[in-house]
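This report refers to the structure that appears directly beneath it.
First listed ligand is number 1; within each ligand, the first listed atom is number 1. In this chain, residues are counted from 1 in sequence order.
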Amino acid sequence: MENSILVLNAGSSSLKFSVFNLLGADQLSQKVTGQVEGIGTAPHLKARNDHEQTLIDVHWQTSEVANHAQALQQIIDFLNSSLQHQRLVGVGHRVVHGGPDYSAPSLITPEVMAKLDTITPLAPLHNPHNLAAIRAMMQECPNLLQVACFDTAFHRQQDTVAKLFGLPYEYYERGVQRYGFHGLSYEYIASVLPPDIATGRVIVAHIGSGASLCAIHNGRSVASTMGFTALDGLLMGTRAGSLDAGVILYLLQQEGLSIKQLEDLLYKQSGLLGLSGISNDMRILLDSNEPRAQLAIDYFVYRVSREIGSLAAAMGGLDALVFTAGIGENSPKIRQLIAKQATWLGVDIDATANEKSVACISRANSRVSVWMLPTNEELMIAHHTRTLLGL
Ligand code: ADP
């Protein structure tokens, strides 16, 4: 029997999972990845092994997998039937918001769950799903140790000035701060940077359907484009990114939007989708001849480029730029457009290396080295879980 760790990443209608085998010398080997999508609408479980072979691909009626607990039950049934030589010894969960107190992963106890419940209002669209998966797992396997890994934790070491808003200070004390997200991705990228780069001033562009940038100096998060929530900063697939707070007042006071309508507008109808009127998927916009698809791409690149300047200022310079996540890993075109706008900072990419998507995509004499590094948040969670549980 081999010991393994299960990693769970719960979204609003999906439950992603990965199984890692524990090897010697702190090594982990990802054996299975999969997800239940369409929880409560069109449930669908699919999983593949480390040779990219499909292990399961099954659809259900809506009522058969109507919530996260039922999705987890299906995942556990699947794992029990397919992983006969592996024994689960711990579970690691992605928890998007850890509030002001969690600057490291935490063993899940009833006290920790009670505390995390108080943080839910800070991330109403994310944390309830993360906590639902933890509760379902506690119910299903009460003897299995579980660990919460927070997307905010990596950023908690930022200086106070980087976490402030210009509101009266008592709001900061009440937790209205810049937290920053995608921390597990940034931590992973920081851990795989070549040693001479890792000690420098690095901007990591995690650009997928959610998108943010992080300034990392000597392995430590210095500033991030995301703030109190995952709405701030860059334009995203369906999220607006930074907005003049006066726009919110205008929409509430003059256009009479309800809170729910406003939430939908900001989280689901804006971003690439809202600007283009076509799609939230960068691939579709890049293939389109519609002027508004081009406008959405132009604005996306413009926002990323402006924020690169801002984060370089926060670090007093820039030594390396890293692209990661769905767009960053897969779109040479977007990387090239962003790199061109960052020429003034000393960014000079090698067009051939960029097209080939190799790891280092800058020219030999580029003052700033430029990288394409695939992220792996699940591996980071498995690593933290193993370390915390002493496995
Ligand atoms: P998340 O984890 O935030 O859901 P991902 O990091 O998986 O998102 O990124 C998904 C997005 O990546 C897609 O919506 C799509 O816009 C973009 N993407 C994936 N492949 C490509 C590609 N070849 N070219 C451009 N964009 C791509």
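Some N or O of N330 is nearer than 3.5 Å to an N or O of ligand 1, by distance alone. At least one N/O-N/O distance between G210 and ligand 1 falls below 3.5 Å.
Ion pairing of K115 with E111 is absent here, as no side-chain N (NZ or NE/NH1/NH2) approaches a carboxylate O to less than 4.0 Å. For D350 and R363, the salt-bridge test fails: no basic side-chain N is under 4.0 Å from an acidic carboxylate O. Comment: D57 does not engage K46 in a salt bridge, judged by the lack of any side-chain N to carboxylate O separation of less than 4.0 angstrom. For the pair D117 and R135, the salt-bridge criterion is met [side-chain N within less than 4.0 Å of a carboxylate O].
Among all protein heavy atoms, the one lying closest to atom 15 (C) of ligand 1 is D281 OD1, 3.2 Å. Atom 18 (N) of ligand 1 has G326 O, 3.6 Å as its closest protein atom, hydrogens excluded (heavy atom only). R283 CG, 3.3 Å is the protein heavy atom nearest to atom 22 (C) of ligand 1. The protein heavy-atom contact nearest to atom 26 (N) of ligand 1 is M282 CB, 3.6 Å.
For atom 8 (O) of ligand 1, the nearest protein heavy atom is under 4.0 Å away.
Proximity of a side-chain donor or acceptor of R386 to a complementary backbone N or O of L391 within less than 3.5 Å is detected.
L286 and K333 get closest at one heavy-atom pair: CD2-CG, 3.9 Å.
Taking every non-hydrogen atom of I327 and a distance limit under 4.0 Å, the qualifying atoms of ligand 1 come out as 12 (O), 17 (C), 26 (N).
The closest non-hydrogen atom to atom 3 (O) of ligand 1, taken over S357, G208, S209, G11, comes from S209.
Counting only heavy atoms from C-beta outward, the side chains of S242 and R303 approach each other to under 4.5 Å.
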